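Structure first, then comments.
Just so it is clear, the model here is predicted, and its values are computed rather than measured.
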Amino acid sequence: MQERVKKLELEYKKFLIRKYVKYFFITMFCLFLVFFIYFIINEFQKKEVLLKQALKEKQDLVSKLQKAKIQEEKNKIIKEKLQEENLNLLEAKQKLQFEISSVIFNSSVLKNEFYKSPSFDKALLLSRLYFKDKDYKKSIFWSLKANEMDKNQKEPWFLFIKAKEALGELDEAKRALETYKFYYDIEIDKF
């Protein structure tokens with residue numbers, strides 16, 4: 001009987017071991033299942049966060065792209081305006097240079113223009129032209145005409161003084177300089 005009891009005890013131990021092993025495997029399976037579900041949910045949440053970030057970045061990029069396109073259009077319009085203005089300025093400058101150069105080469109035309117419509121600039125230009133050509137008497141005449149039109153301008157006075165000096169009339173040049181200083185109370189730079 002003891003043998004039978006031992007056998008039964010042994011079988012009972014085997015039964016208990018199988019039972020515990022069964023519970024162990026069930027518990028391990030449940031733990032594995034919980035970890036697997038947790039891992040899947042965690043990955044899903046990460047992907048969802050990444051998707052939201054990607055959508056936000058896409059919206060930011062689209063917004064920046066629209067702003068860049070608007071800025072590009074503005075810059076294009078401004079560039080066109082600047083090119084147009086530069087073209088107009090260049091044309092005006094070329095026209096002015098052409099007018100000045102044509103006047104320089106043809107003083108008789110410039111004199112005729114002056115007598116048709118007198119202006120300070122034309123008289124000053126004639127004075128410069130004659131001074132450059134070393135025709136100092138005519139330079140003096142035209143600097144006096146320019147001075148009659150605008151007494152506050154320095155250049156006609158200086159052309160007058162330089163022409164007088166070139167003619168050797170230093171006393172008159174000095175008197176003109178002193179007169180200019182006295183009447184206009186202006187400090188004269190070296191000319």
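Under the salt bridge (Lys or Arg N to Asp or Glu O under 4.0 Å) criterion, E48 pairs with K52, sequence neighbours left out. Every residue meeting the salt bridge (Lys or Arg N to Asp or Glu O under 4.0 Å) condition with D135, not counting sequence neighbours, appears here in chain and number order: K138. Judged as a side-chain contact (heavy atoms from CB on, under 4.5 Å), and not counting sequence neighbours, the contacts of I41 are I37, Q45. Legend: residues meeting side chain to side chain donor-acceptor pair (under 3.5 Å) with Y130, ordered by chain and number and at least two apart, are K111. Listed by chain and number, the residues in a side-chain contact (heavy atoms from CB on, under 4.5 Å) with F32 amount to none (sequence neighbours excluded). Take D60 and apply the side-chain contact (heavy atoms from CB on, under 4.5 Å) test, not counting sequence neighbours, and it matches K56. The side chain to side chain donor-acceptor pair (under 3.5 Å) check on K164 picks up E169, E172, with sequence neighbours excluded. Judged as a salt bridge (Lys or Arg N to Asp or Glu O under 4.0 Å), and not counting sequence neighbours, the contacts of E155 are R128. Residues meeting the side chain to side chain donor-acceptor pair (under 3.5 Å) test with Q71, sequence neighbours left out: N75. In this view, E43 and F39, K46 satisfy the side-chain contact (heavy atoms from CB on, under 4.5 Å) rule, not counting sequence neighbours. For D150, the side chain to side chain donor-acceptor pair (under 3.5 Å) partners two or more places apart in sequence, or in a different chain, are Q153.
Between the NZ atom in K74 and the NZ atom in K67 there is a gap of 11.0 Å [rounded to 0.5 Å]. With rounding to the nearest 0.5 angstrom, the CZ atom of F25 is 13.5 Å from the SG atom of C30. For the atom pair CG of L126 and CG of D121, the computed distance is 11.0 Å after rounding to the nearest 0.5 Å. Note: L31 CG to F24 CZ = 9.0 Å, rounded to the nearest 0.5 Å. The structure places CZ of F131 at 12.5 Å from CZ of F158, a figure rounded to the nearest 0.5 Å. Summarising the geometry, atom CD belonging to E72 is positioned 10.5 Å from atom NZ belonging to K79; distances are rounded to the nearest 0.5 Å.
Nearest approach of L159 to L124, heavy atoms of both residues: CD1-CD1, 3.7 Å. Closest non-hydrogen pair, S119 versus F114, comes out as O-CE1, 3.5 Å.
Under the 4.5 Å side-chain heavy-atom criterion for grouping Ile, Leu, Val, Met, Phe, Trp and Tyr, L170 is not connected to I140 through any hydrophobic cluster. L8 and L16 sit in two unconnected hydrophobic clusters of ILVMFWY residues. Membership requires side-chain heavy atoms under 4.5 Å apart, directly or through other members.
Residues K162 and S139 have side chains that never bring a donor and an acceptor to within less than 3.5 angstrom of each other.
In terms of modelled atom types and a separation under 3.5 Å, the side chain of T179 and the main chain of R175 share a donor-acceptor contact. Side-chain N or O atoms of K134 include none that pairs as donor or acceptor with a backbone N or O of A166 at under 3.5 Å. In terms of modelled atom types and a separation under 3.5 Å, the side chain of T27 and the main chain of Y23 share a donor-acceptor contact.
Counting heavy atoms from C-beta outward, K47 and L51 have side chains that stay 4.5 Å or more apart. Using a 4.5 Å cut-off on side-chain heavy atoms (C-beta onward), P156 and M149 make no contact.
Atom CD of Q83 has more than 12 neighbouring heavy atoms from other residues, nucleotides or ligands inside a 6.0 Å radius.
The aromatic rings of Y115 and W142 are tilted relative to each other, their planes meeting at an angle between 30° and 60°.
Residue pairs meeting the salt bridge (Lys or Arg N to Asp or Glu O under 4.0 Å) criterion with at least one member in residues 10-26, sequence neighbours excluded, do not occur.
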side-chain contact (heavy atoms from CB on, under 4.5 Å) between N147 and F160, worked out: CA-CA 9 Å; N147 191 39; F160 177 83; over 6 Å; no
